[in-house]
Colleague: 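I have a structure I would like to understand better, so I am pasting it below and will then ask my questions one at a time.
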Amino acid sequence: MSTKTKILEKNGISKSPQASVWIRAFTSTSDWPDKEEFLDVIYWARQALGIILGIVWGLLPLEGFLGIMLFVLINAGVIYFYFSNFQNIDEEEYGGAWELTKEGFMTSFAGFLVTWIIIYSGLYHDVDKLST
Amino acid sequence: MWADTLLIVFISICTALLGEGLTWLMVYRTEKYQKLKAEVEKQSKKLEKRKETHGDLLDKQHKKKIEREEERLKNNNRDLSFVKMKSMFAIGFAFTALLSMFNSIFDGRVVARLPFEPLPWIQGLSHRNLPGEDYYDCSFIFCIFCVPCQYGRISRKCWVLHLPGLLPNKETAFLAQHRANLNNYNVYYLYKFC
């Protein structure tokens, strides 16, 4: 047995060759032997979702705390649906549903705010109004 | 309008990258850090394995051994924090200097329009040094504050402790805290500066 395989087994990673993370991320009930890998998928999915929602909210444009509340609900809801219904993950292995629901939330929120603010003020408020 | 906000985002990304670069130079690439990191990872795995093997049926001798290893792990983690400490000062100084410079350029300028009214305790940041009482106006410091939050995970992925199969449990809780501390230093300095 090669040294590399030994190390992988030692670290608790499966012996059989795994499909790439991208394929597993989009395939229902995939196998996630490396927990950190699944957390990364959740994290990056959240960042993408935050930026997409920021762009949509800016284009519409959505205003006020309704925008923020909708973001929080959609962001948490989509991620919850992804890990509990689509991937059927055992939440307890990751410290409970709450841990997964909040994984990367604040960074996603920051990304959402930046894109929402940039697009909203770029499209709906001109320079003369802003520079005092 | 677009130019101002995009320039601020660009500056913020550059500042975050500079911080990461400085940390790599002063911490992650050093032999001491690498050695300590490897040691902590090795000890964590050993401890986890020992606990898994013996489960709840631990006799006094094993309990003592585990406690000794936990203590050693804590000490190594403390040493890791000390290695990080000196770079924190350097980065803090560089960030403060850079932000003072950009502050003099954008001070008193409305760079964006917020689509919501910020909460009173955020208004000090979002309306910093802006004329008038219109709290929908946004100062540069608020925009620059939001961006560095994005880069924590990248640096964590590249440089900091990665312990597959060991989360979340009591033994790795303080390591997770250590990782969070390492990744949030630039946000911390921005906050201090404000």
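For clarity, every value in this text was computed on a predicted model and none was experimentally measured. Chain identifiers are assigned alphabetically (A, B, ...) following the order of the sequence lines, protein sequences preceding nucleic acid strands; residue numbering begins at 1 within each chain.
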Colleague: Would a 4.5 Å heavy-atom cut-off, applied to side chains only, mark B/P115 and A/W57 as touching?
Modeller: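 Not touching, per the 4.5 Å side-chain cut-off.
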Colleague: Using every non-hydrogen atom in the two residues, find where A/W116 and B/F116 come nearest and quote the distance to one decimal.
Modeller: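 Distance-wise, the nearest heavy atoms are CZ3-CD2, 3.5 Å.
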Colleague: Quick check: is B/L36 connected to B/W24 through a chain of hydrophobic side chains (ILVMFWY, heavy atoms under 4.5 Å apart)?
Modeller: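 Yes, it is one cluster - the side chains of B/W24 and B/L36 are joined through contacts under 4.5 Å.
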Colleague: Does atom CZ of A/F65 have more than 12 heavy-atom neighbours, drawn from other residues, nucleotides or ligands, at distances under 6.0 Å?
Modeller: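 Check passes, neighbour count above 12.
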Colleague: Going hydrophobic residue to hydrophobic residue with side-chain gaps under 4.5 angstrom, can you get from A/L49 over to A/W22?
Modeller: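 Result: no, two separate clusters.
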Colleague: Nearest 0.5 Å, what's the OH-OH distance between B/Y136 and A/Y120?
Modeller: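 Between atom OH of B/Y136 and atom OH of A/Y120 there are 8.0 Å.
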Colleague: Following the transitive rule for hydrophobic clusters with a side-chain heavy-atom cut-off under 4.5 Å over Ile, Leu, Val, Met, Phe, Trp and Tyr, establish whether B/W121 and A/M106 coincide in one cluster.
Modeller: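 In one cluster: yes.
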Colleague: Once rounded to the nearest 0.5 Å, what's the spacing between atom CD1 of A/I68 and atom CG of B/L119?
Modeller: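 A/I68 atom CD1 to B/L119 atom CG measures 7.5 Å (nearest 0.5 Å).
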Colleague: Side chain from CB out, backbone as N, CA, C, O: work out which of these in A/L66 comes under 4.5 Å of a heavy atom of chain B, or both, or neither.
Modeller: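 Neither part.
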Colleague: Spell out, yes or no, whether A/I79 and A/L73 are grouped together once hydrophobic residues are joined by side-chain heavy atoms under 4.5 Å, including indirect joins.
Modeller: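 No, A/I79 does not connect to A/L73 through the hydrophobic network.
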Colleague: So which part of A/L113 gets closer than 4.5 Å to some heavy atom of chain B, the side chain, the backbone, both or neither?
Modeller: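 It is the side chain, since no backbone atom gets that close.
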